[in-house]
Visitor: 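Following this message is one structure expressed as structure tokens.
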Amino acid sequence: MGKTGVTCGRGNLPAETTSFVGRRSEVAEVKDLLTRARLVTLTGVGGVGKTRLAVQTAAGLSRAFPDGVWLVELAGLQDPALVAHTVLEALGVHDETGRAPAHVLAEHLRDRRLLVVLDNCEHVLESCAALAHDLLRAAPGLRLLATSRERLALAAEHLWPVSPLPLPEPGRPLPGGAWLRYPALTLFAERAAAVDPGFAVTAENQERVAQVCRLLAGIPLAIELAAVRLRVLTLAELESGLGDCFRLPGTVKRGGEPRHQTLLAAVDWSFRLCTPAERRLWARASVFAGGFDLPAAERVCAGEDVRAGLAGLVEKSVLIREAGRFRLLEPLRQFGRDKLGESGEAAAVLRAMRDHYLDLAVRSEREWFGPAQAETFRRTRLEHANLRAALDYCLTTPGELETGLRLASTLWFYWAGCGVFGEGRHWLDRALALSPAPGEERAKALWVNGYVATLQGDNAGAVAMLEECRTYARQTGDDVAMAYATHRLGCNLLVGDDVGDAKALFEEAQVRYRKLGELNSNVMLAGIELAVALIFLGDLDRAGELCEEACATGVAHGEQWAQAYAVFVQALVALGRGDFARAAEYGRHCLRVKRKFHDLLGIVLAIEALAWTESARGHWEPAATMLGSAQPIWQAVGFPMFGSRYFGAPHGECEAQARRGLGEGPFDAAVRRGREFGLEEAIAYALGDATPSPAPGPSRSTPLTDREQEVALLIADGRSNQEIADKLVISRRTAEGHVNRILRKLEFDSRSQVAAWATAQVSRR
């Protein structure tokens with residue numbers, strides 16, 4: 001199976017925190033529809049249960065999709081250009097090469113069989129439709145289940161309107177216990193009992209419960225919001241209050257779907273039952289794109305006692321609290337956003353949101369150089385959706401462009417340090433295009449984007465930005481911009497094999513940094529990258545000294561990320577000196593640290609160093625396996641070994657040695673095996689945490705991927721290639737490719753040999 005990028009795991013569906021009431025027949029019917037249709041869209045008003053139905057359906061199909069069932073949450077996304085980025089992120093696919101994310105997705109999915117749930121498409125409908133169209137054409141084993149208030153309008157789309165929960169007919173008395181036949185009443189009963197353990201539906205009150213559910217049109221979200229009111233209201237008061245609410249003039253507006261108006265009225269009634277402070281907090285919290293924590297709420301939603309307001313909204317089921325963070329369900333967030341607009345406070349609250357996340361980014365940039373580095377990464381990743389919202393606000397609001405430039409460039413440590421090159425480039429490119437006037441903020445954005453572009457392999461784009469930054473710095477005397485741009489231009493020359501000039505620029509940057517008194521992870525890297533240039537020029541001793549200096553700086557300040565690159569270079573020095581044990585120790589140390597930060601470049605360089613070390617020791621099979629495991633990671637990062645002759649030399653030597661040592665067939669088999677590893681498997685193997693299985697061959701137990709084993713069993717069942725394709729919902733050409741790979745991996749000549757092998761595998765289990 002060809003891989004683009006690297007991925008982890010086989011699904012990401014959330015665990016259910018409340019029971020799933022009703023919809024059993026709908027789940028079965030949507031499952032059946034997905035066996036016949038490749039794109040199914042669940043449509044309906046907000047709060048009707050589209051997401052819950054989609055997740056429940058997807059969970060029940062997990063065994064049918066060997067490559068996983070994946071949920072992509074789009075509700076908090078504001079920039080339609082990031083839809084494909086968001087899908088990649090949800091699937092755990094890492095590709096930071098600068099290629100179009102939609103193209104990367106198509107390549108990644110081409111030979112996979114999986115189900116992707118696109119949740120809440122309506123506000124980015126065109127982008128979702130375009131992506132779905134392209135992916136369905138590229139990946140025959142892909143199924144899409146979308147939720148949206150509107151259809152995607154694609155020819156392949158099958159609509160499934162999600163209706164409210166069934167209700168008893170009005171005017172017909174319910175026999176005793178008959179309420180159990182109606183999911184709307186069952187849902188009300190369960191949620192009511194959760195807040196009032198003494199509550200139960202009885203023969204005496206079941207008609208009143210039915211009337212409450214009728215008033216709410218059987219819409220699950222409206223029922224849940226009403227049920228929690230039994231904390232403070234009697235059932236009679238609840239029925240009366242809802243009845244009055246729907247009779248109030250102006251509660252239901254003209255136009256729009258009646259069920260949508262019913263939900264609005266029910267949410268509005270719940271809103272009016274909140275205290276004034278809780279209403280303001282609800283409206284203000286709607287600016288958060290993802291979950292938010294208490295400090296964010298206190299800063300952005302400032303006013304009366306925010307803690308008490310949060311507790312009240314959690315108690316009323318307006319806010320969901322998970323792992324110390326708060327979240328508004330999407331229909332409630334949209335309602336709150338409308339109320340915020342009506343209040344006249346929207347501009348002030350959005351500015352407060354911008355200030356909070358800008359301050360967070362500035363603090364994180366400072367703390368990146370210190371013992372809190374790993375926590376800074378975790379926190380930034382957690383706040384990714386809100387940082388996106390702040391960036392989008394800055395780049396779409398008049399007068400905020402300079403702040404947008406500042407925010408995008410301040411996050412350099414996240415974009416470049418934590419393997420988020422692609423999205424970093426998106427925001428930096430956008431900010432620079434919107435703010436062409438020279439200035440200090442633009443200068444920083446230029447060198448940061450030049451750094452990211454170099455890492456992506458876009459050398460020409462990087463040079464243009466870095467030279468613009470240097471020109472500005474000369475004209476204005478901006479010594480800080482000159483130091484960083486000079487340093488990053490040196491990186492560009494280093495990977496472009498202009499080692500002598502790269503060395504000179506690194507040395508110049510070091511002098512400039514010292515004059516400025518600058519010391520941070522970037523400054524450390526200047527010395528480390530100079531050490532790499534010196535290794536290429538044959539000066540191992542000076543390279544080793546520079547790395548020791550960098551490690552001492554890292555230890556003194558609690559910095560790990562840049563220090564790990566120094567350890568990687570120490571591995572190269574040790575390898576050059578023939579100290580293979582120390583080289584392996586350094587390589588493993590670097591890999592463990594880079595794994596913490598999800599730094600794909602650092603991870604793949606460490607794996608390469610460990611492969612070279614094993615080859616130098618004469619351990620050909622692990623060397624070849626690691627070379628194979630590095631391939632998909634390089635595809636995710638950019639050009640293997642940066643396309644550099646100097647960086648590529650030890651890689652080429654390792655490959656040649658391992659090929660000679662193992663022989664052509666076993667070498668290729670070991671590389672193929674490594675190539676099939678996911679990211680975590682590749683790391684575990686390189687660290688020695690995974691027991692390596694023997695290289696593939698006819699006598700081995702399981703050399704095939706899960707998909708190939710599935711195909712082998714179908715061959716044993718006597719299926720033709722076309723029948724295999726039909727069974728697995730893939731093209732005949734893809735099925736033939738699997739069969740050919742199975743024959744090659746097992747070194748067999750016929751399908752009958754495969755059938756016998758597959759039968760033997762089953763008998764051993």
Visitor: Work out which heavy atom in Leu332 is nearest to a heavy atom in Ser317; give both atom names and the distance.
Guide: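 In this case the closest contact between Leu332 and Ser317 is CD1-O, 4.2 Å.
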Visitor: Does Leu71 offer a backbone N or O that forms a donor-acceptor pair with the side chain of Asn12 under 3.5 Å?
Guide: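 Side chain of Asn12 to backbone of Leu71, a donor-acceptor pair under 3.5 Å: yes, one is there.
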Visitor: Tell me whether His123 contacts the main-chain N or O of Leu77 through its side chain, where contact means a donor paired with an acceptor under 3.5 Å.
Guide: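 Such a contact is found between His123 side chain and Leu77 backbone.
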Visitor: Distance from Leu167 atom CG to Cys213 atom SG, nearest 0.5 Å?
Guide: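 Reported to 0.5 Å precision, the distance equals 6.5 Å.
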Visitor: If you take all heavy atoms of Ala146 and Leu152, which pair is closest and at what distance?
Guide: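 Where Ala146 meets Leu152 most closely, the heavy atoms are CB-CD1, 4.3 Å.
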Visitor: Compare all side-chain heavy atoms of Trp70 with those of Phe65 and state whether any distance is below 4.5 angstrom.
Guide: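 No, their side chains stay 4.5 Å or more apart.
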Visitor: Without swapping roles, check the side chain of Arg229 against the backbone of Ser270 for a donor-acceptor pair under 3.5 Å.
Guide: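 Here the side-chain-to-backbone pair exists.
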Visitor: How close do Val27 and Gln56 get, heavy atom to heavy atom, and via which atoms?
Guide: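 In this case the closest contact between Val27 and Gln56 is CG2-CG, 4.0 Å.
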Visitor: Could you check if a side-chain atom of Glu73 sits within less than 4.5 angstrom of a side-chain atom of Thr51, using non-hydrogen atoms only?
Guide: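 The answer is no, as the side chains (C-beta and beyond) never meet within the 4.5 Å cut-off.
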Visitor: What's the spacing between Arg36 CZ and His158 NE2 if we round to 0.5 Å?
Guide: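 It comes to 7.0 Å.
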Visitor: Would you find a donor on one side and an acceptor on the other, under 3.5 Å apart, between the side chain of Arg333 and the backbone of Ser286?
Guide: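 Pair found, side chain donor or acceptor close to backbone of Ser286.
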Visitor: Check salt bridge (Lys or Arg N to Asp or Glu O under 4.0 Å) between Arg321 and all other residues, then give those that pass, not counting sequence neighbours.
Guide: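 Applying salt bridge (Lys or Arg N to Asp or Glu O under 4.0 Å) to Arg321 gives none.
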Visitor: Inspect the contact between Glu107 and Arg110 and indicate whether a charged nitrogen and a carboxylate oxygen are less than 4.0 angstrom apart.
Guide: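 A salt bridge is present here (some side-chain N lies under 4.0 Å from a carboxylate O).
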Visitor: Do you know which two heavy atoms are closest between Asn386 and Gly290, and how far apart they sit?
Guide: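 Heavy atoms of Asn386 and Gly290 come nearest at OD1-N, 3.3 Å.
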Visitor: Between the main-chain N or O of Ala153 and the side-chain N or O of Glu157, is there a donor-acceptor pair closer than 3.5 Å?
Guide: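 Answer holds: yes.
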Visitor: Return each pair, listed once, that meets salt bridge (charged side-chain N to carboxylate O under 4.0 Å, His left out) where at least one residue sits in residues 120-136; pairs must be two or more places apart or across chains.
Guide: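 Sorted result for residues 120-136: empty, none.
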Visitor: Is there a side-chain contact between Val267 and Pro331, using heavy atoms and a 4.5 Å cut-off?
Guide: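 A side-chain contact is absent here, since even the closest heavy-atom pair is not under 4.5 Å.
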Visitor: Might you point out which heavy atoms bring Gln78 and Ala289 nearest each other, and give the distance in Å?
Guide: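 Smallest interatomic distance, heavy atoms only, reads NE2-CB, 4.4 Å.
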Visitor: Determine yes or no for a side-chain-to-main-chain donor-acceptor pair under 3.5 angstrom, with Asp67 supplying the side chain and Arg113 the backbone.
Guide: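 Such a contact is found between Asp67 side chain and Arg113 backbone.
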Visitor: Within the side chain of Thr147, is there an N or O that forms a donor-acceptor pair under 3.5 Å with the backbone of Asn120?
Guide: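 Flag set: sc Thr147 to bb Asn120 pair under 3.5 Å.
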Visitor: Would you kindly say whether Arg741 and His738 are connected by a side-chain donor-acceptor distance under 3.5 Å?
Guide: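 The criterion, which ignores hydrogens and geometry beyond distance, is satisfied for His738 and Arg741.
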Visitor: Please report the closest heavy-atom contact between Leu74 and Cys128, naming both atoms and the distance.
Guide: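 That would be CD1-SG, 3.5 Å.
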Visitor: Considering only distance and modelled atom types, tabulate donor-acceptor pairs under 3.5 Å from the side chains of residues 86-93, sequence neighbours left out.
Guide:
from	atom 1	to	atom 2	distance (Å)
Thr86	OG1	Leu82	O	2.7
Thr86	OG1	Arg388	NH1	3.4

Visitor: Roughly how far, to the nearest 0.5 Å, is CZ of Arg719 from CD1 of Ile724?
Guide: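 The distance works out to 8.5 Å.
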Visitor: Quick one, Tyr393 with Val287, criterion side-chain contact (heavy atoms from CB on, under 4.5 Å). Give me CA distance, side-chain angles, the key distance, then yes/no.
Guide: CA-CA 10 Å; Tyr393 167 78; Val287 299; over 6 Å; no
Visitor: Looking only at atom types and distance, does a side-chain atom of Gln709 sit under 3.5 Å from a main-chain N or O of Leu704, one as donor and one as acceptor?
Guide: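 Looks like yes, one N/O pair under 3.5 Å.
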Visitor: Do Leu142 and Arg112 come within less than 4.5 Å of each other through their side chains, counting heavy atoms only?
Guide: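 The answer is no, as the side chains (C-beta and beyond) never meet within the 4.5 Å cut-off.
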Visitor: Pick from Leu215, Leu242, Leu225, Leu264: which one makes a side chain to side chain contact (heavy atoms under 4.5 Å, CB included) with Trp269?
Guide: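 Going through Leu215, Leu242, Leu225, Leu264 one by one, the side chain to side chain contact (heavy atoms under 4.5 Å, CB included) with Trp269 is satisfied by Leu242 alone.
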Visitor: I need the Glu224 CD to Phe188 CZ distance, nearest 0.5 Å.
Guide: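 Going from the CD atom of Glu224 to the CZ atom of Phe188 covers 11.5 Å.
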Visitor: Side chains of Glu278 and Trp282: do they bring a donor and an acceptor to under 3.5 Å?
Guide: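 No.
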Visitor: Side chains of Gln211 and Glu207: donor-acceptor distance under 3.5 Å anywhere?
Guide: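 No - no donor-acceptor pair under 3.5 Å links their side chains.
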Visitor: Taking the side chain as C-beta and beyond, is there a heavy-atom pair between Ser148 and Lys50 under 4.5 Å?
Guide: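 Not in contact.
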Visitor: Between Arg279 (side chain only) and Arg272 (backbone N and O only), is there a donor and an acceptor less than 3.5 Å apart?
Guide: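 Yes, because the side chain of Arg279 sits within donor-acceptor range (under 3.5 Å) of the backbone of Arg272.
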Visitor: What's the separation between atom CG in Leu233 and atom CG in Leu273, rounded to the nearest 0.5 Å?
Guide: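 Rounded to the nearest 0.5 Å, the CG-CG separation comes to 6.5 Å.
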Visitor: Rounded to the nearest 0.5 Å, what separates atom CG in Leu105 from atom CZ in Arg99?
Guide: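 Nearest 0.5 Å value for the CG-CZ distance: 10.5 Å.
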Visitor: May I ask you to test the Phe335-Asp268 pair for a side-chain heavy-atom distance under 4.5 Å?
Guide: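 Phe335 vs Asp268: side chains touch.
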Visitor: We want to know whether His426 and Asp79 form a side-chain donor-acceptor pair, criterion being a heavy-atom distance below 3.5 angstrom.
Guide: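 His426 vs Asp79: donor-acceptor pair found between side chains.
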Visitor: Keeping Arg151 on the side-chain end and Leu159 on the backbone end, is there a donor-acceptor pair under 3.5 Å?
Guide: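 Between the backbone of Leu159 and the side chain of Arg151 there is no qualifying donor-acceptor contact (under 3.5 Å).
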Visitor: Side chains of Arg23 and Leu165: closer than 4.5 Å at any heavy-atom pair?
Guide: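 Arg23 vs Leu165: side chains touch.
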Visitor: How far apart are the C-alpha atoms of Leu230 and Leu238, what are their side-chain angles, what is the distance that settles it, and do they pass the side-chain contact (heavy atoms from CB on, under 4.5 Å) test?
Guide: CA-CA 7 Å; Leu230 290 181; Leu238 182 62; 4.0 Å; yes
Visitor: Decide if atom CZ of Arg137 counts as having more than 12 heavy atoms of other residues, nucleotides or ligands within a radius under 6.0 Å.
Guide: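 At most 12 heavy atoms, drawn from other residues, nucleotides or ligands, come within 6.0 Å of this atom.
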Visitor: Please determine whether side-chain contact (heavy atoms from CB on, under 4.5 Å) holds for the pair Phe199 and Asn205, giving the CA-CA distance in whole Å, both sets of side-chain angles, and the decisive distance to 0.1 Å.
Guide: CA-CA 10 Å; Phe199 178 84; Asn205 69 12; 4.2 Å; yes
Visitor: In sequence, state the C-alpha distance, the side-chain angles, and the governing distance for Arg284 and Leu340, and then conclude on side-chain contact (heavy atoms from CB on, under 4.5 Å).
Guide: CA-CA 6 Å; Arg284 292 169 183 174; Leu340 183 65; 4.3 Å; yes
Visitor: Any side-chain heavy atom of Arg214 within less than 4.5 Å of one from Glu239?
Guide: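 Side chain of Arg214 against side chain of Glu239, heavy atoms only: no contact under 4.5 Å found.
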